[in-house]
Amino acid sequence: KNQVEQSPQSLIILEGKNCTLQCNYTVSPFSNLRWYKQDTGRGPVSLTIMTFSENTKSNGRYTATLDADTKQSSLHITASQLSDSASYICVAKGGGADGLTFGKGTHLIIQP
Amino acid sequence: NAGVTQTPKFQVLKTGQSMTLQCAQDMNHEYMSWYRQDPGMGLRLIHYSVGAGITDQGEVPNGYNVSRSTTEDFPLRLLSAAPSQTSVYFCASSYGGSYNEQFFGPGTRLTVL
């Protein structure tokens with residue numbers, strides 16, 4: 001069964017601190033892995049997409065890593081800002097009707 | 001360039017009523033899809049379309065219909081609303097199928113009483 005597991009479920013950190021969100025996936029065949037940011041009351045917005053041959057990809061203060069051997073990905077946020085408060089969703093491409101398996105997300109709260 | 005637009009933003013229905021959720025995109029994307037998002041669950045695919053005139057079922061299609069008469073529009077119809085369809089609905093589009101980056105609309109929050 002295709003699955004994407006994210007941890008932690010929720011996280012609270014102070015503004016300016018760094019944090020790392022985790023994603024473990026089991027999809028077959030695997031094509032790519034995405035991270036989305038979803039602000040409260042809005043639709044998800046793409047942060048990064050990585051294929052199995054890419055180890056890391058950055059988008060500003062967001063850096064995603066991918067280990068296709070262990071089927072793990074992480075999203076590192078540097079120097080967090082209040083606007084980083086959101087849910088972060090990991091999505092693996094592979095299997096299913098449209099081939100996309102969504103994680104349940106990590107709810108991140110940045111406190112001043 | 002408005003991206004993906006959805007209307008309405010909020011809707012309350014009574015059990016048994018029908019309605020259509022509208023979705024439009026102006027990026028000339030051939031691939032469009034509908035998801036529902038429920039608390040504690042990942043987004044789940046309802047229906048998708050690879051181009052005008054072509055639609056297919058996703059993971060949770062029961063109780064929903066779709067059509068794709070143009071590249072731009074992909075409406076979702078609830079035939080006879082049930083409380084289990086209370087959810088937030090997102091429309092998404094992408095170029096080149098689901099392999100590429102998806103652009104999501106702002107969502108429609110639906111409550112069925």
Side-chain angles (χ1 to χ4, degrees), chain A residues 1-10 21-27 29-54 57 59 62 64 73 86-107, chain B residues 2-7 9-10 21 23 25 27 29-51 54-62 64 66 74 87-109:
Chain A
K1 180 182 176 183
N2 294 318
Q3 279 188 314
V4 171
E5 302 282 348
Q6 292 187 243
S7 62
Q9 281 189 323
S10 60
L21 314 181
Q22 300 292 342
C23 173
N24 294 340
Y25 63 92
T26 308
V27 300
F30 175 71
S31 293
N32 60 51
L33 188 127
R34 310 137 186 234
W35 284 92
Y36 286 88
K37 178 188 179 189
Q38 185 176 21
D39 292 319
T40 301
R42 293 178 177 264
V45 175
S46 177
L47 293 175
T48 64
I49 298 180
M50 291 182 292
T51 66
F52 60 87
S53 62
E54 296 176 290
K57 182 167 280 190
N59 179 356
Y62 300 100
S73 177
S87 287
Y88 291 84
I89 301 171
C90 177
V91 185
K93 166 70 174 171
D98 69 348
L100 298 173
T101 302
F102 287 78
K104 296 178 181 180
T106 292
H107 186 53
Chain B
V4 179
T5 58
Q6 292 183 237
T7 57
K9 192 163 179 64
F10 301 95
L21 279 64
C23 173
Q25 52 91 10
M27 297 173 283
H29 289 167
E30 66 270 20
Y31 191 90
M32 297 185 73
S33 50
W34 275 102
Y35 296 90
R36 59 178 290 172
Q37 186 174 43
D38 300 295
M41 303 185 74
L43 279 90
R44 292 183 291 169
L45 180 68
I46 304 172
H47 285 284
Y48 65 101
S49 169
V50 299
I54 306 170
T55 64
D56 210 341
Q57 296 182 348
E59 180 185 355
V60 288
N62 292 342
Y64 307 95
V66 291
F74 191 42
S87 187
V88 181
Y89 292 85
F90 290 101
C91 178
S93 74
S94 62
Y95 176 75
S98 64
Y99 183 85
N100 295 321
E101 176 187 9
Q102 285 183 297
F103 294 83
F104 285 84
T108 294
R109 182 173 294 274

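Reminder, nothing fancy here: chain letters follow the sequence lines and each chain counts from 1.
- Contacts of A/Q38 with chain B are made by side-chain atoms alone, with heavy-atom separations under 4.5 Å and no backbone atom involved.
- Using cut-offs of 30° and 60° for the angle between ring planes, the B/Y35 and B/F104 rings count as tilted.
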Residue pair A/L33, A/C23: steps toward the side chain to side chain contact (heavy atoms under 4.5 Å, CB included) verdict: CA-CA 10 Å; A/L33 188 127; A/C23 173; 4.2 Å; yes
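- With a threshold of 4.5 angstrom between heavy atoms, A/R34 approaches chain B through side-chain atoms but not through N, CA, C or O.
- In terms of modelled atom types and a separation under 3.5 Å, the side chain of B/Q25 and the main chain of B/F74 share no donor-acceptor contact.
- Neither the backbone nor the side chain of B/Q6 comes within less than 4.5 Å of any heavy atom in chain A.
- Ring centroid separation for the pair B/H29 and B/F103 comes in under the 6.0 Å cut-off.
- For B/Y99, the parts lying near chain A are the backbone and the side chain together; criterion is any non-hydrogen pair under 4.5 Å.
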